[in-house]
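Order of appearance sets the numbers: ligands from 1, and atoms from 1 within every ligand. Sequence positions, counted from 1, serve as the residue numbers for this chain.
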Amino acid sequence: MIIVMKQGATAAEIGAVIARVQELGATPHTIHGRERTVIAVVGSTERIIPDTFSTMPGVERVATISQPFKLASRESHPEDTVIHLDPHPGLPEVAIGGRDIVIMAGPCSVESRSQLLETAHAVKEAGAVILRGGAFKPRTSPYSFQGLGIKGLEILAEAREIYGLYIITEVLTPDAVPVVAEYADILQIGARNMQNFGLLHAVGRVQRPALLKRGMMSTIQELLMSAEYILAGGNSRVMVCERGIRTFEKLTRNTFDLNAIPILKQLTHLPVIADPSHATGRWDIVPDMSRAAVAAGADGLIVEVHPRPEEALSDGAQSLKPERFFDLVQQVRRIAEAMERGIVGSTEVVERAR
Ligand code: PEP
Ligand code: MN
């Protein structure tokens, strides 16, 4: 259920509604919109009756939310959520989910300091504002490269200082959430962990933006239910990511579910990011699917880039060389313009290139 307050409702009126929800044993989540405050009521709602609230001072209307993902649903929050990354000294402000598209790029794994810095330089020049790189890697085989761990986080933080890029990196376990949140600007929850509820709880407890990837065998609704865990835990800065699902097709690593992008935009107010690298597994079609994702309404892309893909310790087959990534950004910019959008931070990049 949501309680929509009148425009100009006072803090005391809002406070009284929140107190009443708590008295009745449910959990209120206050959403401050541009015009109105909305209080979403979740948790134990057995004793909640809409009539209790409809006559309270300052209440405009009470509505039930039909979707099981209450806080993630557009019904509870009709305006798009714009996620502002935590400011970092010397870095420009970055907003995700607003008019402009955000580009995140970098290697699948942080392999060494020189590999990461070389890639960071290239993706920055091409127009990315966020650097990706796995320090803790979820590998199918225990014998494959598992990532550099804390050392990888330190290298990412160094790249942030040198190149002025925010960083996104994956967190694999609940215990590691505090330390990864110390280094990362965005916590990535991987496809294999989309329903790791302990991890979702832990990410819900920190105040750091999170990118939640769709499980390779999960439905769109399951993805939104997992986002709901993080939101219900108190972390409101969640973005969801389509990264391909497993089908019978063998010529691509996964099948990019392009449908998911407009469907997610309809169902949720959270920013929607596309990962054309894991969605395809093939560098040769990553630019095509990047353009398609932006045309379908994605708020951003996360793309794997490696200076020498043939030497990559993970996901070389889907990693773009820097010059191809540069071309990808140029193409995506034109698609974004056709959608009346721009690319976050792009003017700064154009100026730097002059
Ligand atoms: C990754 O981003 O490198 C990754 C492991 O992605 P996913 O969880 O989508 O497989
Ligand atoms: Mn990867």
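For CD of Glu93, the number of neighbouring non-hydrogen atoms (other residues, nucleotides, ligands) closer than 6.0 Å is 12 at most. Atom CZ of Arg36 sits in a crowded spot, with more than 12 heavy atoms from other residues, nucleotides or ligands closer than 6.0 Å. Dense packing is recorded around CZ of Arg74, with more than 12 heavy atoms of other residues, nucleotides or ligands lying under 6.0 Å away. Atom CZ of Arg61 has 12 or fewer heavy atoms from other residues, nucleotides or ligands within 6.0 Å.
Closest to atom 6 (O) of ligand 1 among all protein heavy atoms lies Lys213 NZ, 2.9 Å. Scanning the protein heavy atoms around atom 4 (C) of ligand 1, the nearest turns out to be His278 NE2, 3.4 Å.
Exactly one residue among Arg243, Lys213, Arg214 makes a salt bridge (Lys or Arg N to Asp or Glu O under 4.0 Å) with Asp275. That residue is Lys213. Between Leu71 and the options Ile65, Val238, Val42, Ile230, a side-chain contact (heavy atoms from CB on, under 4.5 Å) holds for only Val42. A side-chain contact (heavy atoms from CB on, under 4.5 Å) with Val332 is found for one member of Ile335, Leu328, Val329 and no other, namely Leu328.
Ion pair Arg192/Glu170 not flagged as a salt bridge, since none of the NZ, NE, NH1 or NH2 atoms sits closer than 4.0 Å to an Asp/Glu carboxylate oxygen.
Taking every non-hydrogen atom of Arg243 and a distance limit under 4.0 Å, the qualifying atoms of ligand 1 come out as 7 (P), 9 (O), 10 (O). Residue contact check: Ala191 has heavy atoms under 4.0 Å from atoms 7 (P), 8 (O), 9 (O) of ligand 1. Near Lys137, with a cut-off below 4.0 Å to any heavy atom, the atoms of ligand 1 are 1 (C), 3 (O). Near Gly190, with a cut-off below 4.0 Å to any heavy atom, the atoms of ligand 1 are 8 (O).
Ring geometry, His269 versus His77: the interplanar angle falls under 30°, so the pair is classed parallel (tilted spans 30 to 60°).
Geometrically, ligand 1 and Asp315 share no nitrogen or oxygen pair separated by less than 3.5 Å. Remark: ligand 1 and Asp275 share no N or O pair separated by less than 3.5 Å (distance only, no angle test). The shortest N or O to N or O distance between Glu170 and ligand 1 is not below 3.5 Å.
Protein nitrogen, oxygen and sulfur atoms, that is N, O or S, within less than 2.8 Å of the Mn ion (ligand 2) amount to 4.
Not a single heavy atom of Arg214 sits under 4.0 Å from any atom of ligand 1. Residue contacts with ligand 1 include Cys108, since one or more of its heavy atoms lies under 4.0 Å from the ligand. Residue contact check for ligand 1: Met216 places no non-hydrogen atom closer than 4.0 Å to it.
Connection of Met225 to Met194 is established within a shared hydrophobic cluster, with ILVMFWY side chains joined at heavy-atom distances below 4.5 Å, either directly or through further cluster members.
Glu304 and His278 share a donor-acceptor pair across their side chains, judged by distance under 3.5 Å alone. The closest side-chain donor-acceptor pair between Gln331 and Ser290, if any, does not fall under 3.5 angstrom.
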